[in-house]
Amino acid sequence: MPQELSKAYEPGAIETRWAEYWVKEKLFSVATPPAGETRPVFTLLLPPPNVTGRLHMGHMLNQTQMDIVVRWHRMRGFITLWLPGTDHAGIATQMMVEKQLQSEGKKRRDMGREAFIERVWDWKRHYGGAILDQMKRLGASVDWDREYFTMDENLSHAVREVFVQLYEQGLVYRGNYIVNWCPWHETAISDLEVKHEEVPGKLWEIRYPVIGTNEFITVATTRPETMLGDTAIAVNPKDERYVHLHGKKVLLPLMNREIPIITDELAQPEFGTGAVKVTPAHDPNDFEAGKRHNLPQINVMDGHAHMNENAGRFQGLDRYEARKRVLHDLTEHGFLVGEKDYTLALGKCDRCGTVIEPRLSEQWFIKIKPLAERAIEVVQNGAITIVPENFRQVYLNWMANIHDWCVSRQLWWGHRIPAWTCTACQHVTVAREAPLTCDKCGSMELEQVSDVLDTWFSSGLLPFTTLGWPETTRDLDAFYPNTLMITGFDILFFWLARMIMFGCHFMQGHRQDATIKKASGEANRKDDSVPFRHVYIHALVRDAERQKMSKTKGNVIDPLEIIERFGTDATRFTLAAMAAPGTDIAFNESRTEGYRAFANKIWNAARFMFMNVERIGGGAGAPARELQNMPGIAGFTAITLEDRWILSRFNRVAADVHDALAAYRFHEAANRIYDFFWGEFCDWYLELIKPRLNMQGEAAKAACANLVNLFDAALRLLHPVMPFITEEIWQTMYEGNPPAKSIALMPYPQADVKQFDLGAETEMSILQDLIVSVRNLRAELKVEPKVKVPVEIYAHEPEIRAMIDHNRAALERLANVEKITFVAGSLAKIAGARSTARFDVHIVYERKIDVAAECERLKKELDKIDKGITSGQRQLGNQQFLAKAPANVVENLRKQQQELALLHEKTQSKLKELGCR
RNA sequence: GGGCGGUUAGCUCAGUUGGUUAGAGCGCCUGCCUUACAAGCAGGAGGUCGCAGGUUCGAGUCCUGCACUGCCCA
């Protein structure tokens with residue numbers, strides 16, 4: 001391959017090519033580490049996207065961050081396992097296929113369970129891989145050989161095992177409880193799947209006649225149709241208004257049932273009339289109260305939220321129709337006595353938006369407290385660390401107030417609960433495999449419970465089931481606990497919390513391979529049952545207006561469309577650069593545009609390098625892999641000031657990037673690399689070495705070799721964030737004979753403290769100041785860009801003067817200067833001179849400066865200087881400050897004050913000289 | 001109702017344990033097609049860090065209150 005890049009940077013072409021290459025070459029496949037493995041291990045589980053999913057920005061943010069961390073670790077020599085897979089997503093998938101059926105005029109129930117499930121599998125085989133293909137476009141460096149699906153046989157087997165074990169341990173129970181019922185999906189859903197929304201509504205007041213008196217008792221309700229199932233009226237025992245009615249009964253209007261007045265804390269005297277209706281079958285609080293008082297539970301609705309046979313003449317009506325009719329009838333009979341506007345928090349199904357109906361039904365639950373206790377402990381004792389730290393408290397609070405988990409769903413698609421009902425005696429047998437006979441009566445007439453498990457039940461097991469559990473495997477020894485979990489806070493409770501509970505419970509007593517654990521830097525961790533040792537919670541991606549993206553709002557930004565326009569690298573860089581921990585990301589296209597420009601910059605810098613390598617030939621070429629594994633840039637020979645400077649700067653950026661990535665400060669890492677590459681390497685270093693590259697012989701070869709080595713290291717530094725462009729350039733550099741199959745398998749640059757050069761950095765910054773000052777003056781004097789000007793420089797420190805003299809070629813080139821004269825006295829008084837504490841510079845040019853403008857500029861500058869002087873003096877004159885502030889702060893302030901004083905003097909005299917007012 | 005976050009340049013955002021004269025990108029203004037790059041280069045304007053107090057030698061950073069705003073939980 002010739003060392004040549006196309007003139008234009010076109011991300012689309014190179015990205016798809018490398019994405020395919022990485023997958024085809026199985027570059028990221030990880031073999032099970034053998035016993036005695038001494039390398040560190042890094043394990044990360046991909047939060048499995050829904051099999052029905054389409055890639056959205058949230059996925060992309062999540063995957064970008066994971067891929068950065070993963071590539072970083074891999075390059076640092078960790079055995080890095082990133083495990084991908086998809087989730088069967090019970091409700092979502094079932095819905096998707098049902099809709100498909102609907103369009104064919106078919107219905108799930110007409111088909112029957114088996115045919116329907118076969119149909120879903122069909123769908124999965126055809127379309128289920130879409131999101132994974134999209135992931136490939138992102139460059140996610142996962143191990144595709146280990147891809148899983150939550151309904152795979154081995155994972156399903158593990159699910160049954162877990163359920164049965166929990167059952168045997170008494171942590172599963174079944175019973176009639178109030179659950180959140182979605183009438184659209186016709187299934188129970190968990191508390192987490194209900195979203196509360198404040199909506200304007202009404203509060204109706206209904207009066208119930210008290211039997212044996214001519215009194216009424218008035219209650220308030222937002223759901224009058226449920227009164228049909230009332231089985232009591234409750235008043236607070238302390239409420240004096242109702243003491244005389246204790247023990248009496250009321251006649252339930254419309255139904256003409258007698259129901260008791262009970263005393264219960266359920267009724268709060270300060271709310272409404274202080275009396276409440278009690279409907280145990282349709283409200284969780286009423287349900288509890290009903291149990292306390294042994295009240296009957298009358299369910300008045302069916303699974304579609306239509307009124308059932310218990311609703312008398314309202315049977316068959318939809319709940320809202322029933323509400324209208326009930327209100328109408330109540331009014332007609334004089335029972336409705338009030339109607340007020342009221343804001344209610346309406347629970348809606350997270351997926352379809354249908355208003356949830358609290359409904360009494362038979363469901364399966366996990367007794368969660370025992371699991372939660374361990375899950376609290378491992379976070380409190382540091383076995384799991386959560387970043388950012390505030391989520392630790394969110395997690396602990398939630399865990400402390402956790403409710404039993406309803407795990408049964410009235411769906412067909414999912415892991416069917418391994419329980420069988422005996423048609424003879426109704427006893428339920430829970431077993432790993434279909435039992436032949438009933439546990440209790442021995443009947444052979446058994447029927448499997450039709451419910452399936454909540455999708456999160458199986459995904460909560462993934463950290464260990466994907467590694468082979470319930471078998472004891474070498475993979476578990478090596479890779480469990482996973483090192484890290486990166487996810488959004490939106491599934492903190494859904495998923496993360498459950499993984500921790502399940503992991504700690506089922507992996508109790510597990511020990512990670514001690515050698516690997518130590519090598520991975522986790523030797524001090526005591527508890528190996530946790531699913532992962534570190535958690536990083538990232539923010540949400542919002543649209544440019546900070547709105548949460550949603551299909552209904554139509555403000556969804558499609559990452560693939562952004563990628564199409566700007567490239568994956570630029571999109572990844574955007575997400576990384578904006579991902580400051582703890583704050584949401586308002587996705588802003590203009591940033592991506594900017595980062596595409598950055599990629600373009602890199603591209604062109606590479607073209608420049610290749611041009612020179614081609615021309616200069618020989619001697620150019622990156623050092624061997626062994627050398628690249630050493631800190632700093634091993635093959636770099638610091639000859640000139642700019643060499644020493646860039647080497648020092650490179651080591652600093654490498655150190656900073658390491659620290660930033662170690663703390664999940666992706667934005668810092670990205671910005672640091674950006675500033676280095678563009679602001680230092682391209683803007684200054686490349687410009688400064690051009691003359692050397694244009695020389696003949698060894699000097700050019702040496703400069704070119706440095707350039708290549710530095711470029712190679714910079715590409716490796718950038719690779720985790722922008723994998724594609726770095727791969728493309730890197731592969732091109734090695735002319736088809738690279739030291740590894742991919743830059744992704746090369747060592748990550750490490751800082752070498754010995755290559756820090758503070759002296760070079762200081763000198764360079766003075767030189768930069770000088771060049772900028774001259775450019776400044778040129779602009780101010782409106783010197784034609786092509787005209788070279790003579791300059792006069794005064795530098796009172798001899799070593800600085802020498803340094804400038806030594807680098808006069810740089811000044812001449814970069815500021816378009818033709819003759820440099822060092823003068824003996826300060827130039828500060830000269831109109832149109834520029835001064836810093838280290839030098840004065842002046843350009844010799846016949847054109848006069850704009851005195852008024854210069855005066856204004858100088859005055860502004862003087863203001864700033866004086867402000868600094870005043871505050872500095874105040875501090876330095878303060879004994880408290882001198883006594884309490886750290887020595888280096890005082891020292892720096894003193895130095896700064898000296899410089900400011902000098903600048904003040906120079907500026908002042910210039911103002912005077914110009915005759916400014 | 002309880003909890004958590006945000007408020008910094010026209011816009012989008014950085015600014016980790018308090019410590020020089022608060023930064024970037026985009027946009028804007030001026031000038032350049034300078035042989036890597038006009039997706040670029042050079043120069044420039046632009047902020048009393050939401051408001052009011054407090055702690056401190058020193059506050060964008062810590063504390064209290066308020067305002068606005070977003071999210072989570074009930």
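Chain letters run A, B, ... following the sequence lines, proteins first and then strands; every chain starts at 1. Below, each value reflects all heavy atoms present in this structure, side chains not excepted, and no hydrogens, waters or symmetry copies. These numbers were taken from a predicted model, which means no experiment stands behind them.
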Under 4.0 angstrom between [X] side-chain N/O and [N] OP1 or OP2:
| X | N | result |
| --- | --- | --- |
| A:Lys690 | B:U34 | no |
| A:Arg591 | B:U12 | no |
| A:Lys195 | B:C73 | yes |
| A:Trp684 | B:A42 | no |
| A:Asn397 | B:C73 | no |

Whole Å only: how far is the [atom1] atom of [X] from the [atom2] atom of [N]?
| X | N | atom1 | atom2 | result |
| --- | --- | --- | --- | --- |
| A:Tyr664 | B:A14 | OH | P | 20 Å |
| A:Trp398 | B:A74 | CH2 | C1' | 14 Å |
| A:Arg778 | B:C41 | CZ | P | 18 Å |
| A:Arg596 | B:C37 | CZ | C1' | 13 Å |
| A:Asn612 | B:C37 | CG | P | 12 Å |
| A:Asp683 | B:A42 | CG | C1' | 10 Å |
| A:Asn671 | B:C13 | CG | P | 14 Å |
| A:Met578 | B:C11 | CE | C1' | 11 Å |

task = Determine whether the side chains of A:Asn588 and A:Arg591 contain a donor N or O and an acceptor N or O closer than 3.5 Å.
result =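 Not at all, the side chains of A:Asn588 and A:Arg591 share no donor-acceptor pair under 3.5 Å.
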message = Students often mix this up, so state it plainly: with edges at 30° and 60°, are the rings of A:Phe598 and A:Trp678 parallel, tilted or perpendicular?
response = parallel
Whether A:Phe391 and A:Phe489 hold their rings parallel, tilted or perpendicular, with breakpoints at 30° and 60° = parallel
ask   = Do A:Ile356 and A:Lys348 have side-chain heavy atoms sitting under 4.5 Å apart?
value =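 No, their side chains stay 4.5 Å or more apart.
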Nucleotide paired to [N] in any strand shown, Watson-Crick or G-U, under 3.5 Å:
| N | result |
| --- | --- |
| B:G18 | none |
| B:U35 | none |
| B:C13 | B:G23 |
| B:C4 | B:G70 |
| B:G43 | B:C29 |

task = Cation-pi check, A:Lys601 to A:Tyr595: give yes when NZ or CZ is under 6.0 Å from the six-membered ring centre and within 45° of the ring axis, no otherwise.
result = no
ask   = Is NZ or CZ of A:Arg649 both nearer than 6.0 Å to the six-membered ring centre of A:Trp684 and within 45° of the ring axis?
value =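 Output no; distance or angle outside limits.
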State which of [options] makes the closest approach to the side chain of [X].
| X | options | result |
| --- | --- | --- |
| A:Ala597 | B:G40, B:C37, B:A36 | B:G40 |
| A:Trp678 | B:C37, B:G43, B:G40 | B:G40 |
| A:Tyr9 | B:C26, B:G43, B:A39 | B:A39 |
| A:Lys601 | B:A39, B:U12, B:C37 | B:C37 |

Taking [M] as the reference, what is the distance to [N] when you measure between their [atom1] atoms (whole Å, please)?
| N | M | atom1 | value |
| --- | --- | --- | --- |
| B:A59 | B:G44 | C1' | 31 Å |
| B:A39 | B:U7 | C1' | 33 Å |
| B:U20 | B:G60 | P | 11 Å |
| B:G40 | B:G23 | P | 23 Å |
| B:U8 | B:G47 | P | 15 Å |
| B:C66 | B:G25 | P | 39 Å |
| B:C68 | B:A52 | C1' | 15 Å |
| B:G18 | B:C62 | P | 8 Å |

task = Pick base, sugar-phosphate or nothing for A:Val890, based on heavy-atom distances below 4.0 Å to the nucleic acid.
result = nothing
request  = Give one of base, sugar-phosphate or nothing for A:Glu687, where a contact means two heavy atoms less than 4.0 Å apart.
outcome  = base
key: Which atom of A:Ala375 lies closest to which atom of A:Tyr395, heavy atoms considered   =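 Scanning both residues completely, I find the closest heavy atoms to be O-OH, 2.9 Å.
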task = State whether the number of non-hydrogen atoms from other residues, nucleotides or ligands found under 6.0 Å of A:Glu288 atom CD is greater than 12.
result = yes
task = Nearest-nucleotide wise, let me know which of A:Arg607 and A:Asp675 is further upstream toward the 5' end of RNA chain B.
result =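 It is A:Asp675, whose closest nucleotide lies nearer the 5' terminus.
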ask   = Toward the 5' end of RNA chain B, which comes first, A:Gly594 or A:Pro785, by nearest nucleotide?
value = A:Gly594
Residue that, paired with A:Asn816, satisfies side chain to side chain donor-acceptor pair (under 3.5 Å) out of A:Lys786, A:Lys788, A:Glu784 =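 Only one option passes, and that is A:Lys788.
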query = With a 4.0 Å cut-off, would you call A:Arg565 and A:Glu561 a salt bridge?
reply =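 Yes, this pair counts.
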remark   = Once base and sugar-phosphate atoms are separated, protein heavy atoms under 4.0 Å mark nucleotides 15-21 of chain B, 5' to 3', with B, S and - as S---BBB
